[in-house]
2 protein chains.
Amino acid sequence: MTLSHSAAYDLMNRKLTSIFSLSDKEKQAIQSLPIQLTPFRTDQDIVRVGERPSRSFLLAEGFTCVYKLTSEGRRQIVAFHVPGDMPDLHSLHLKVMDTSMATVTPCTIGFIAHEALHDLCGRYPRIAAALWRETLVDASIFREWMTGIGRRESYSRMAHLLCEFFTRLDAVGLTQDHGFTLPITQVELADAIGVSTVHVNRVLQELRADGLIQTVGAQVNIPDWERLKEAADFDPLYLHLRQDAPACL
Amino acid sequence: MTLSHSAAYDLMNRKLTSIFSLSDKEKQAIQSLPIQLTPFRTDQDIVRVGERPSRSFLLAEGFTCVYKLTSEGRRQIVAFHVPGDMPDLHSLHLKVMDTSMATVTPCTIGFIAHEALHDLCGRYPRIAAALWRETLVDASIFREWMTGIGRRESYSRMAHLLCEFFTRLDAVGLTQDHGFTLPITQVELADAIGVSTVHVNRVLQELRADGLIQTVGAQVNIPDWERLKEAADFDPLYLHLRQDAPACL
DNA sequence: CGGATCGTTGAGTTGTATCAAGACGGGTGG
DNA sequence: CCACCCGTCTTGATACAACTCAACGATCCG
């Protein structure tokens with residue numbers, strides 16, 4: 001929780017300029033956004049369904065998830081977010097939250113007033129486009145997850161989620177050479193891929209037995225990226241990362 | 001296929017002004033967009049995964065779907081679109097298509113060049129916001145479907161899809177008092193809710209037996225909206241329709 | 001009338017859920 | 001510093017939702 005404001009702006013600028021090259025003036029406009037850094041503990045709600053937030057947020061440190069509950073109390077996690085993401089941008093134009101968002105690890109969250117973002121978008125159409133694009137990538141990930149939940153078996157879905165984490169964390173420099181830290185419980189993995197926790201446990205064991213992953217605590221190693229990718233039916237196209245970025249490893 | 005250009009503009013204007021009230025100048029800017037109306041037959045692809053389209057489209061007549069295929073050839077339909085929708089707006093900022101889109105009935109489609117839309121968005125931030133919002137509503141629907149596929153049983157999912165169709169068609173005036181025409185095969189319903197066609201058939205029979213729907217050909221009647229809604233766990237919030245719009249019936 | 005598409009039905013199979021219980025591990029308080 | 005506790009992970013046994021395969025009926029249309 002020792003993150004500085006300038007580091008947060010760096011994250012945001014790096015993200016937004018990863019596709020659109022912004023001018024110095026546009027970058028300065030971003031740097032001068034008022035941003036309110038706030039620490040969160042694990043398993044805290046950041047926004048809840050039904051609320052009408054007046055600010056969005058940048059995830060500066062930690063992992064968060066977006067989830068919905070059915071009337072029977074079952075939870076579906078529809079997205080995870082990693083440092084550098086702005087999970088809540090849709091609240092800029094959709095008044096009422098249709099999901100809740102929560103931390104899954106301790107986090108540092110930078111809140112930015114909608115007013116400031118609207119103002120920025122009005123003055124700099126290219127920044128508006130970059131933010132819009134962020135929300136479109138989120139939507140693309142929803143489509144991919146839906147395809148997995150609807151049409152792939154759980155083994156493949158689990159492998160797919162691990163591929164996605166590795167790729168997204170790699171894009172923000174949070175991987176080691178063939179591995180990454182995944183501080184997410186099996187309960188959360190279950191809610192994300194739409195199976196029971198018992199089954200997540202068994203699928204993970206299968207993946208380990210098949211030599212597709214190795215785990216030590218929260219550390220996940222991928223000894224053979226190509227084989228995991230194949231098991232997962234993973235094609236990183238849907239993440240819409242910049243073209244020059246290596247599809248990792 | 002006798003739709004006029006002015007009718008297509010009307011659709012677009014009605015949609016975009018349903019939330020944001022646009023000025024006359026903004027409306028005129030929309031009217032003067034070059035739009036190319038094209039007829040499509042059933043089961044034709046409009047855009048395919050991997051393509052880099054240079055135009056988006058307005059669905060003027062008919063129903064379309066957005067789908068993905070797994071490497072094993074299984075199909076997941078991740079969205080349906082109804083007249084008035086602009087299903088392809090995300091291609092404005094995501095260069096490569098990560099899904100394919102196809103007609104499920106005969107359709108009239110109005111193509112609009114990206115260039116013209118980018119120009120419009122640059123000059124009229126409120127129109128940009130309205131288009132952005134369209135894509136956010138799509139994303140919200142993805143989240144709701146994912147929750148259904150992951151955490152609701154098939155009976156409930158089928159009911160939910162019917163509720164959604166009724167509500168969305170009602171919003172564009174395409175319902176009769178307690179019913180609507182659903183020209184979608186059981187194969188397509190199966191690919192949308194992530195089950196087999198055999199199972200779709202059985203679930204529909206259950207819904208009929210329970211008195212939640214009545215069907216005559218492609219016509220679906222809903223004798224008791226409240227009961228269907230309850231079976232579906234349906235809350236129209238996620239559609240983000242304008243507040244004054246009645247939650248139908 | 002034949003062919004194609006779509007809907008329906010039955011029988012056997014399988015992936016995944018549920019329930020229940022035990023093992024592990026890290027933190028807290030006595 | 002140990003005992004306890006709670007959350008997490010693991011394992012086994014049983015149950016069920018949904019799948020697959022296969023065949024048959026109903027339309028529609030050229």
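Convention: sequence-line order gives letters A, B, ...; per-chain numbering from 1. What you see is a predicted model, and the numbers here were worked out from it, not measured in a lab. Atom set for the values below is all heavy atoms of this structure, side chains included, hydrogens, waters and symmetry mates excluded.
When the ring-ring contact (aromatic ring centres under 6.0 Å, His included) test is applied to A:Y67, no partner is found at least two apart in sequence or on another chain. Evaluation of the salt bridge (charged side-chain N to carboxylate O under 4.0 Å, His left out) rule for B:D235 yields no partner, not counting sequence neighbours. Here A:D43 pairs with nothing under the salt bridge (charged side-chain N to carboxylate O under 4.0 Å, His left out) rule; sequence neighbours left out. With sequence neighbours excluded, the residues that form a salt bridge (charged side-chain N to carboxylate O under 4.0 Å, His left out) with B:E164 are B:R168. Remark: B:R143 engages A:D98 in a salt bridge (charged side-chain N to carboxylate O under 4.0 Å, His left out) (not counting sequence neighbours).
Listed in residue order, the members of residues 209-221 of chain B having a heavy atom less than 4.0 Å from DNA chain C come to none.
Between the axis at the start and the axis at the end of the helix from C:dC1-D:dG30 to C:dG30-D:dC1 there is an angle of 30°, using five pairs per end and rounding to 10 degrees.
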Residues 206-217 of chain A, side-chain donor-acceptor partners within the protein, below 3.5 Å, at least two apart:
| residue | atom | partner | partner atom | Å |
| --- | --- | --- | --- | --- |
| A:R208 | NH1 | A:T215 | OG1 | 2.9 |
| A:D210 | OD2 | A:Y155 | OH | 2.4 |

Summary of protein contacts for nucleotides 16-30 of chain D, nucleotide by nucleotide, where a base hit scores B, a sugar-phosphate-only hit scores S (4.0 Å, heavy atoms): --SSBB---------
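By the 4.0 Å N-to-carboxylate-O rule, B:R55 lies too far from B:D88 to be salt-bridged with it.
Here the shortest heavy-atom pairing between A:T42 and A:T103 reads C-OG1, 3.4 Å.
For the 3.5 Å distance criterion, the side chains of B:S100 and B:D45 fail to qualify, holding no donor opposite an acceptor. A side-chain donor-acceptor contact under 3.5 Å links A:D233 and B:S71.
D:dC9 atom C1' lies 14 Å from atom CD of A:E188, rounded to whole Å.
For residues 180-189 of chain A, no pair satisfies salt bridge (charged side-chain N to carboxylate O under 4.0 Å, His left out), with sequence neighbours left out. Screening residues 72-83 of chain B for salt bridge (charged side-chain N to carboxylate O under 4.0 Å, His left out), with sequence neighbours left out, gives B:R75-B:D191.
For the OP1/OP2 pair of D:dC9 and a distance below 4.0 Å, the side-chain nitrogens and oxygens of A:N201 include no atom meeting the criterion. Using a 4.0 Å cut-off, some side-chain N or O of A:Q205 falls inside it from OP1 or OP2 of D:dT11.
Crowding of A:Q205 atom CD: a count of heavy atoms from other residues, nucleotides or ligands under 6.0 Å exceeding 12.
Boundaries of the chain B contact region on DNA chain C are C:dC6 to C:dA11, first to last in 5' to 3' order (nucleotide atom under 4.0 Å from a heavy atom).
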